[in-house]
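Quick notes on the structure that follows.
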Amino acid sequence: MFNTIKLYAKQRRLISLVSDQMYEKDKNNRMMISILSQIVEFRNGESGSHVVNIKRITELLLDRLPMRTNKYTVSGTEQLLIPMAAALHDIGKIGIDDKILNKPGRLTKEEFEIMKTHSAIGANMLESLEQFRDEPLLKIAHDICRWHHERYDGRGYPDGLKGDEIPISAQIVSVADVYDALVSERVYKKAYSHEKAMALILNGECGTFNPVLVECLKDIQNELANGVE
């Protein structure tokens with residue numbers, strides 16, 4: 001009986017140790033991603049709230065998605081990793097010239113073509129991390145980086161993917177990114193109100209999105225209107 005109690009206590013200590021290690025790993029991952037994303041936002045002349053907002057809107061959309069459809073399978077692990085990876089969606093902007101990245105006026109056609117390369121640059125940066133190639137977080141971050149500017153009708157970039165050729169993670173972050181960009185002040189524009197931003201998205205003036213995700217966005221309007229931070 002005494003040996004059984006000792007074994008049970010040892011198992012409890014091991015479980016506690018593993019749990020602590022997993023928590024520390026997760027905390028360190030979140031910390032490093034936050035640091036890196038804040039560097040990108042600082043270089044992009046933004047306050048850093050964009051990354052926080054993208055993460056929160058992504059969480060809200062992920063919560064609503066299974067209530068709207070059972071078409072997409074998002075595991076519990078992915079439910080946690082997608083918002084974390086979303087913070088890296090614009091990491092490729094590190095490779096864009098400051099004069100284009102922070103230009104106060106409208107970009108020329110040539111400048112916009114250069115700006116568009118940030119999605120592929122970010123994906124390529126993550127692909128180069130061969131030692132982490134099989135990590136789920138890296139795979140999700142890669143998909144988001146490369147394809148968060150694709151559009152449901154195939155008119156996005158860089159690969160012109162259409163419909164569900166676009167990973168659902170990138171589709172969700174795309175919606176979150178566009179909404180927050182509209183309601184935030186940028187060097188080239190004033191912030192729109194929540195109502196104006198929703199109208200622009202619902203009227204198709206910001207490109208075409210997955211209709212299910214548009215419904216999810218409408219579902220979380222109250223949270224968005226009250227601020228997502």
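The residues of the chain are indexed from 1 along the displayed sequence.
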Lys/Arg N to Asp/Glu carboxylate O, K55 vs E59, below 4.0 Å:
yes
Below 4.0 angstrom, N of the basic side chain to O of the carboxylate: do E165 and K162 qualify?
no
I'd like to know if the side chain of H142 and the backbone of L138 have a donor-acceptor N/O pair within less than 3.5 Å.
no
Please say which of T58, I172, I57 ends up in a side-chain contact (heavy atoms from CB on, under 4.5 Å) with P83.
T58
Considering all heavy atoms of both residues, which atom of L107 and which atom of E111 are nearest to each other, and what is their separation?
CA-OE1, 3.4 Å
Donor-acceptor pair, distance only, cut-off 3.5 Å: does the side chain of K103 make one with the backbone of R106?
yes
Quick one: do V214 and N210 satisfy side chain to side chain contact (heavy atoms under 4.5 Å, CB included)? Show the steps, please.
CA-CA 6 Å; V214 173; N210 185 329; over 6 Å; no
Nearest atoms (heavy-atom pairs only) where Q171 meets I166
NE2-O, 2.9 Å
If hydrophobic clusters are built by linking Ile, Leu, Val, Met, Phe, Trp and Tyr wherever their side-chain heavy atoms come under 4.5 Å apart, do L129 and M125 end up in the same one?
no
Could you report the tightest heavy-atom contact between T208 and R151, atom names first, then the distance?
O-CD, 3.5 Å
Give a yes or no answer on whether the side chain of D180 reaches the backbone of A176 with a donor-acceptor pair at less than 3.5 Å.
no
T117 side chain near P158 side chain, heavy-atom distance below 4.5 Å:
no
Under the 3.5 angstrom rule, does the side chain of D177 hit a backbone N or O of V173 as a donor-acceptor pair?
no
Can you see whether Y72 engages D164 through a side-chain donor-acceptor pair at a distance of less than 3.5 angstrom?
yes
So V212 and K71, do their side chains get closer than 4.5 Å, heavy atoms only?
no
Nearest 0.5 Å, what's the SG-CG distance between C145 and L126?
5.0 Å
If I take atom CG from residue L202 and atom CG from residue L217, how far apart are they, to the nearest 0.5 angstrom?
7.0 Å
Do you know the tightest heavy-atom contact between E150 and L161?
OE1-N, 2.9 Å
Are M84 and F132 grouped together when hydrophobic residues (ILVMFWY) are joined by side-chain heavy atoms under 4.5 angstrom apart?
no
Around atom OH of Y157, are there more than 12 heavy atoms of other residues, nucleotides or ligands at under 6.0 Å?
yes
Side-chain heavy atoms under 4.5 angstrom apart, residues restricted to Ile, Leu, Val, Met, Phe, Trp, Tyr: same cluster for I96 and W147?
no
With sequence neighbours left out, write down each residue that passes salt bridge (Lys or Arg N to Asp or Glu O under 4.0 Å) with R133, or none if nothing qualifies.
E130
What is the distance from atom CD1 of I114 to atom CD1 of I100, rounded to the nearest 0.5 Å?
3.5 Å
Report the distance from atom CG of L61 to atom CD1 of I168, rounding to the nearest 0.5 Å.
9.5 Å
Taking the side chain as every heavy atom from C-beta outward, state whether H148 and D90 have any atom pair closer than 4.5 Å.
yes
Looking at H89 versus H118, is the centre-to-centre ring distance below 6.0 Å?
no
Let me confirm one number: the CG-NZ distance from L213 to K218, rounded to the nearest 0.5 Å.
13.0 Å
Backbone N/O of P66 and side chain of T69: donor-acceptor pair under 3.5 Å
no
Within-4.5 Å side-chain heavy-atom neighbours: V183 and Y179
yes
Run the side chain to side chain contact (heavy atoms under 4.5 Å, CB included) test on Q79 and D63 for me, step by step, so that the C-alpha distance in whole Å, both residues' side-chain angles and the decisive distance to 0.1 Å come before the verdict.
CA-CA 8 Å; Q79 190 94 6; D63 287 343; 3.2 Å; yes
Between atom CE of M115 and atom OG1 of T108, what is the distance when rounded to the nearest 0.5 Å?
10.5 Å
Nearest heavy-atom contact between I144 and A86 is CD1-N, 4.0 Å
Heavy atoms of C206 and L182 approach each other most closely as SG-CD1, 3.8 Å
Short question: side chain of D97, backbone of K99 - any donor-acceptor pair under 3.5 Å?
yes
Check whether any side-chain N or O of S184 sits under 3.5 Å from a backbone N or O of A181 as a donor-acceptor pair, and report yes or no.
no
